[in-house]
Amino acid sequence: MKKALVLGAGGFIGHHMVNRIKGEGFWVRGVDLKYPEFSETKADDFVIGDLRDPKFCRYVIDQGFDEVYQLAADMGGAGYVFTGDNDADIMHNSAMINLNVLNACYKRNIKRIFYSSSACIYPEYNQMDPESPKTSEDSAYPAQPDSEYGWEKLFSERLYLAYHRNYGMKVRIARYHNIYGPEGAWCDGREKVPAALCRKVAMAKIKGEGFIEVWGDGKQTRSFLYINDCIDATLLLMRSDWTGPVNIGSEEMVSIDELAHLVMGIAGVNLDIRHIDGPQGVRGRTSDNRLIYKMLGWMPKFSLREGLKKTYLWIESKVNNQFA
Ligand code: NAD
């Protein structure tokens, strides 16, 4: 039986990853500071602990896993990452995790490891125009990410690539672009914009309010990838002969106001949008999928509307439970 290790298995993507590879017949160990919040893990073994601790890393990386998915990070949406208030924690915690995990894998002679980087590594100067942001993989340098979160990801990409070059590890690196779906953070301050808008619309609906608040002028653009597509692409990359780094995202770019209207349409309400000050990140960003299509023949299956509908219904049921 093949064995996989999922680090960050209590988080959004890690939990979905565990479920998927369990379904493929793997024996799976999950590791995290916490259990998944919204449904029980299917991992055969789930170890609670802190990957910043090198001893703990050696303890959980105690055998030869066929596949290691490194998804643990100190992470959140704009309200967590772009205020600047959490920069020291974000850089220290995530860098420690990556340094320890990668070295423990090397010492155990584990070859195949996936690292989840981010679209946040791309330079701010290429993302000033909301209509035509540039995120081709080769545009990462000269580097100028707009957040410390992005700088840590770029450092860790280089760390993984160095282990690949020097020690022959089969490292796989994806730059995720705004992954969303059911069972993600939706109201703990770490939620990202699709979940936040779904929650705001569901709350306005239940309270009978006529408006929602949106951070910024609503003209900033993004694209969003549904979780099932993210897992498909990650597995395809992991099992390919190619290291990356590569974008895993959607090219369906919308403004934040358009996203809000999409959510309202799904919810069957028409609310005013009040624009307020708030952290926003870059003006425009969308995935450039030319490279992943060329190398792996991958493109997303879920449209934004389909994915949002599933996500909205999940969040609406949470909001209804809270107010029941
Ligand atoms: P998440 O916050 O839901 O999951 C990360 C998990 O890591 C959490 O459960 C957290 O408890 C765990 N963790 C943090 N510090 C830890 C520590 N010291 N020891 C053990 N576990 C620890 O985030 P996610 O959305 O599932 O993202 C997974 C990965 O993908 C992260 O590396 C993230 O930076 C990257 N990524 C995600 C997105 C996205 O849109 N979701 C976009 C780009 C990159």
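Indexing begins at 1, ligand by ligand and atom by atom, following the structure's order. Nothing here was measured: the structure is a model prediction, and the numbers come from that model.
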**Request:** Answer yes or no for Lys200 and Trp215: cation-pi contact, defined as NZ/CZ to six-membered ring centre under 6.0 Å and angle to ring axis within 45°.
**Result:**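 Geometry flag: set, cation within 6.0 Å and 45°.
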For [X] and [Y], test the side chains for any donor-to-acceptor distance below 3.5 angstrom and give the result as yes or no.
X      : Y      : value
Asp129 : Ser132 : yes
Thr311 : Tyr226 : no
Glu157 : Ser117 : yes

**ligand 1 contact by Ala9, heavy-atom criterion under 4.0 angstrom** =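 Checking ligand 1 against Ala9, which is what was asked, there is no heavy-atom contact under 4.0 Å.
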**Prompt:** Do any heavy atoms of Lys153 fall under 4.0 Å from ligand 1?
**Reply:**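 Heavy atoms of Lys153 do come under 4.0 Å of ligand 1.
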**Asked** What's the verdict on ring pair (Phe, Tyr, Trp, His ring centres under 6.0 Å) for Phe12 and His16, showing C-alpha distance, side-chain angles and the deciding distance?
**Response** CA-CA 7 Å; Phe12 169 50; His16 283 273; 5.3 Å; yes
As an exercise, identify every atom of ligand 1 less than 4.0 angstrom from a heavy atom of [X].
X      : result
Gly49  : 19 (N), 20 (C)
Asn178 : 40 (O)
Gly10  : 9 (O)
Ile179 : 39 (C), 40 (O), 41 (N)
Asp50  : 17 (C), 18 (N), 19 (N)
Ile97  : 15 (N), 16 (C), 17 (C), 18 (N)

**Prompt:** Does the side-chain hydrogen bond (donor to acceptor under 3.5 Å, both in side chains) test come out yes or no for Glu152 and Asn98, once each step is laid out?
**Reply:** CA-CA 10 Å; Glu152 189 283 325; Asn98 286 312; 3.2 Å; yes
**Message:** Evaluate Arg283 against Asp217 for salt bridge (charged side-chain N to carboxylate O under 4.0 Å, His left out), listing each step before the verdict.
**Reply:** CA-CA 10 Å; Arg283 281 304 282 164; Asp217 63 5; 3.0 Å; yes
**Message:** Under 3.5 Å between any N/O of Val31 and any N/O of ligand 1: does that happen in this structure?
**Reply:**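 For ligand 1, there is no N or O atom that lies under 3.5 Å from one belonging to Val31.
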**Geometric N/O contact Ile13 with ligand 1, under 3.5 angstrom** =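 There is such a contact, yes.
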